[in-house]
Amino acid sequence: MITQMLRVAAITPLSSYVTRFRFEHPEGAALPVFSGGAHVVVEMPDGAVLRRNSYSLISDPVDSSGYEIAVRREDAGRGGSRYMHSRLRLGDLLRVTVPVNLFSLDLRAKRHLMIAGGIGITPFLAQLKQIARLHAPFELHYAVRSRDEAAALPLLPDLPQVHLHVSDEGNRMDLGAVLAGQPLGTHVYTCGPEGLIDAVAETAARLGWPKGALHSEAFLSPPPGAPFDVTLARSGRKITVGPHQSLLEALEAAGVQPDWSCRGGACGRCETAVIRCDGHIEHHDHWLNDAEKASQTRIMPCVSRFSGADLALDL
Amino acid sequence: MTLRFNDETFRGDYTFRNSPQAVRRFPFPFDQDSYMYSVNLELHKGGRAGSVFENRFDVDEHYVAEMRDREITLAEDPLRCQSLPHMELAGWDFLELVMTTKAEDYPDLFTLHRDGDRWHWINRPLNIEQRFTFLDATTLPCGPMEYITRQTQGDHALLDQRDGNLWMDAGMITSQADWSLDFDIGMNFFEWHAPVPKAHEMGVFQRALKFLLNLQQGAPVRRLNWTMTVNPRLDTSPENYHKWGPEKRTITPGNVGEKQFLRVELQTLWRLPRSNAIAFPIRCYLCSLEDIVTVPKWGRRLHRVLRDLPEELATYKGFAVNRPMIVDYLAQFDDGAETSPGIFPD
Ligand code: HEM
Ligand code: FES
């Protein structure tokens, strides 16, 4: 991955849980522009551990003066978001990859319908700016549990096409109503928890939407789990993956450098061949198909885990 | 290096010639004595000084003549340049990429002044000066992709990325090795590659696509592809097969060295920032067999590669009829000596 060293130029709390970070080039050089929906991977040197987390860019895609991300603090999580919230200071230098987009707008769309659940709003913040420039019709639905969770509210344009749904206030999003009555040529984009993505897919299928008009991004962070051992078949070495570490991170800590891009189970870059598997691979990715998963001959180390007696990888 | 542009033709009287320097820098595509399809992708981050890999978009002595040939082809058949409506942003991305990199790599030939969205482009070899507003197509004489590809050697395809695939939704294709943009437009990576033998079963396309879907901006990649063409003709399209197909029958043992060309495509792949599309320039280099064999390593190796090439590949590439004559000719230049690794002359 191509990376650039960027300086933390602003830290702005958006709610009790969510903070916005702005990165700029230390010498003020222009950063590469990007397309709405793109993410970057931020490297965090957290003591002895090098953490790498993916975040959607929320700033204007053609503004090359800086990149902005919004990070929700996950106290139960693996530490990446905690590091960002409690350790990062204005002026710190961090290594950030160039933007990659696995969730871009379908530019053929006659109309863009965006459905965000909670922090899943982030890619849409940049897409809205791109859409405004394209002068394309759109509609955004932002579903949150409580008003406090609606951290991005101040960042959204004050337009009738933007709808906030707060379930605590008895204003739950009615997916059937949102998806019905959309004109032909509309594309729907969903970003949020797995359950929301599934619900949109089911509702859309029931209403006869063409599959090609559905787009989604699940913001996967590597799930924690029980520790497990892995054998690296080429060297015979054995490594242990800790409960809050991903297999990819454990490999990197051991000096092995597998290829990666999204670190979220979506891009396919980290796909690794399994040489022996006596046990069960917990596949968490969106890359392998069901048959490949069932065969237990491939694993995506960025998100997937293992339980059992023996797992040997072609590394 | 100051460039002198050849006055030459790629049809009719075929006055195309390579200077001795052009022969030395020809991108000979074989790094060993045999050939099979593979995922031969490497980073396009420069290369040997003077080689075709040195600059991001190579400009050589054939530039002006190639652009003239493109004009003739387009005038006869405007469908060689097509862009579906959603690809205009990708066209601008590509125009920006070409203008900025050419102005950096060849400051004596190209200049770009930018004042916000107000751009001023100077192309000295083609005598073009254009002021326009970036992202405003009404300020150019044609669409952005057509505008810049009329000034850039090689064919160019712009691929839209969606649904985990790449879609050929725009292109300027006038120097192709027997495939048609008008036929392929709107197809995906697997569909347009369907005619290629063997590679699908080898998993080449699956792995290549996976790689490309993650292509990063700022990290372009390249690969070489090759075929054989009779006469130095750029437009070997299916649309005009009736014009060049019969020329295959004009090869004799006496003229094969002069009339048979090795055709090499330097293909590069670029992630475009605003549209998230991929640009795929396909730059064609032609070199006659008699020029190839002036580099002894290339003469020996080309003989071995073509002699041992699987029949399906020779048939697909369209030179199976002339293979015996080509191999007989090259055999004279193969003394059986070992060849050094890599593609460059010794
Ligand atoms: C994404 C950009 C690409 C485009 C637009 C493209 C387009 C094409 C087209 C139009 C053909 C001719 C097919 C026919 O006979 O009609 C072709 C052939 C082929 N392509 Fe691609 N291609 C791309 C990338 C790649 C990559 C990355 C590979 C890497 C392995 C590849 C491997 C091949 C091979 C092996 C052939 C057969 C060529 C021959 O034997 O002459 N292509 N491609
Ligand atoms: S790094 Fe993208 S799937 Fe693992």
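Naming convention: chains lettered A, B, ... in sequence-line order (proteins, then strands); numbering from 1 in each chain.
Ring-centre distance between Phe57(B) and Trp270(B): below the 6.0 Å cut-off. Between Phe53(B) and His44(B), the distance separating the two ring centers is not shorter than 6.0 angstrom.
Put simply, the side chain of Leu95(B) does not reach to within 4.5 Å of the side chain of Met145(B), judged on heavy atoms. Contact check for Ile115(A) versus Val188(A): side-chain heavy atoms found under the 4.5 Å cut-off.
Of the two parts of Gln217(B), the backbone and the side chain both hold a non-hydrogen atom closer than 4.5 Å to a non-hydrogen atom of chain A. For Arg274(B), the parts lying under 4.5 angstrom from a heavy atom of chain A are both the backbone and the side chain. Neither the backbone nor the side chain of Leu272(B) has a heavy atom closer than 4.5 Å to any heavy atom of chain A. Heavy atoms closer than 4.5 Å to chain A are found in both the backbone and the side chain of Asn214(B).
Each of Leu107(A), Thr97(A), Asp259(A), Leu105(A) has some count of heavy-atom pairs under 4.5 Å with chain B, and the biggest count is that of Leu107(A). Options Pro273(B), Ala219(B), Ser275(B) differ in how many heavy-atom pairs under 4.5 Å they form with chain A, and the most are formed by Pro273(B). Counting heavy-atom pairs closer than 4.5 Å to chain B, the top-ranked of the candidates Asp106(A), Leu214(A), Val100(A) is Asp106(A).
Using a 3.5 Å distance cut-off with no hydrogens or angles, the side chains of Asn123(B) and Gln151(B) do pair a donor with an acceptor. Using a 3.5 Å distance cut-off with no hydrogens or angles, the side chains of Arg263(A) and Ser54(A) do not pair a donor with an acceptor.
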